[in-house]
Amino acid sequence: LDSIPTATGNLDVEVIVIANGARARVPTSIPSLCAFSVIRNESNVGVAAGRNQGLRVARGRYLMLLDVDTRLTARAPRKQASPTVAVAAE
């Protein structure tokens with residue numbers, strides 16, 4: 001989550017965190033982001049089910065599925081938004 005504000009710059013972004021049975025503290029916001037929400041599951045429903053929960057409520061035109069250890073680079077969101085790029089990874 002720390003890399004999102006720097007990587008997205010002035011892009012209009014929405015972040016949806018799936019707390020999939022998480023026992024650790026889950027952030028409630030990220031400074032400088034316009035939309036942030038948390039979906040909390042009492043138990044771990046699995047990666048696919050958790051991602052599907054987020055996809056159902058997402059409002060964006062372009063979607064990036066990130067794991068807890070993902071760090072975005074400044075170019076990744078712009079590559080994702082390109083009509084010629086199916087998957088962006090660095």
Side-chain angles (χ1 to χ4, degrees):
L1 294 175
D2 295 342
S3 66
I4 294 173
T6 303
T8 57
N10 62 351
L11 295 175
D12 185 18
V13 300
E14 170 189 29
V15 173
I16 302 165
V17 173
I18 308 301
N20 213 359
R23 301 279 184 250
R25 187 179 75 78
V26 176
T28 56
S29 68
I30 299 176
S32 79
L33 288 181
C34 62
F36 185 90
S37 59
V38 176
I39 297 173
R40 295 181 186 275
N41 294 323
E42 290 297 318
S43 61
N44 187 335
V45 297
V47 173
R51 287 182 174 181
N52 285 336
Q53 285 178 301
L55 292 172
R56 277 193 290 275
V57 300
R59 299 181 313 253
R61 180 175 177 189
Y62 302 102
L63 304 173
M64 293 183 84
L65 301 175
L66 308 176
D67 291 319
V68 69
D69 59 349
T70 302
R71 297 210 46 89
L72 290 179
T73 65
R75 297 182 313 195
R78 286 152 188 84
K79 282 184 179 179
Q80 172 99 12
S82 169
T84 60
V85 176
V87 176
E90 291 190 334

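Only a predicted model underlies this, so the values are computations on that prediction, with no experimental measurement involved.
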Quiz prompt | Rounded distance [0.5 Å steps], OG1 in Thr70 versus CE in Met64 | solution = 8.5 Å

Exercise. For Arg59, enumerate each residue passing the salt bridge (charged side-chain N to carboxylate O under 4.0 Å, His left out) test, keeping only those at least two apart in sequence or located in another chain.
Key: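 Once residues adjacent in sequence are excluded, the partners of Arg59 under the salt bridge (charged side-chain N to carboxylate O under 4.0 Å, His left out) criterion are Glu14.
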
Exercise. With sequence neighbours left out, write down each residue that passes side-chain hydrogen bond (donor to acceptor under 3.5 Å, both in side chains) with Asp67, or none if nothing qualifies.
Key: Arg51

Practice problem: Please name all residues satisfying side-chain hydrogen bond (donor to acceptor under 3.5 Å, both in side chains) with Asn52, sequence neighbours left out, ordered by chain then number. | Solution: none

Quiz item: Shortest non-hydrogen contact from Gly46 to Asn20?
Solution: O-ND2, 3.0 Å

Quiz item: Which atoms form the tightest heavy-atom contact between Leu63 and Ala58, and what is the distance?
Solution: CD2-CB, 3.8 Å

Exercise. Tell me, please, which residues at least two apart from Val68 pass side chain to side chain contact (heavy atoms under 4.5 Å, CB included).
Key: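 Side chain to side chain contact (heavy atoms under 4.5 Å, CB included) list for Val68, sorted by chain: empty.
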
Practice problem: Any salt bridge (Lys or Arg N to Asp or Glu O under 4.0 Å) involving residues 36-48? Give me the pairs, sequence neighbours left out, ordered by first then second residue. | Solution: none

Exercise. Apply side chain to side chain contact (heavy atoms under 4.5 Å, CB included) to the pair Leu55 and Leu65, showing each step before the final yes or no.
Key: CA-CA 9 Å; Leu55 292 172; Leu65 301 175; 3.9 Å; yes

Quiz prompt | Members besides Ile39 in its Ile/Leu/Val/Met/Phe/Trp/Tyr cluster (side-chain heavy atoms under 4.5 Å) | solution =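 Besides Ile39, the hydrophobic cluster comprises Ile16, Ile18, Val57, listed by chain and residue number.
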
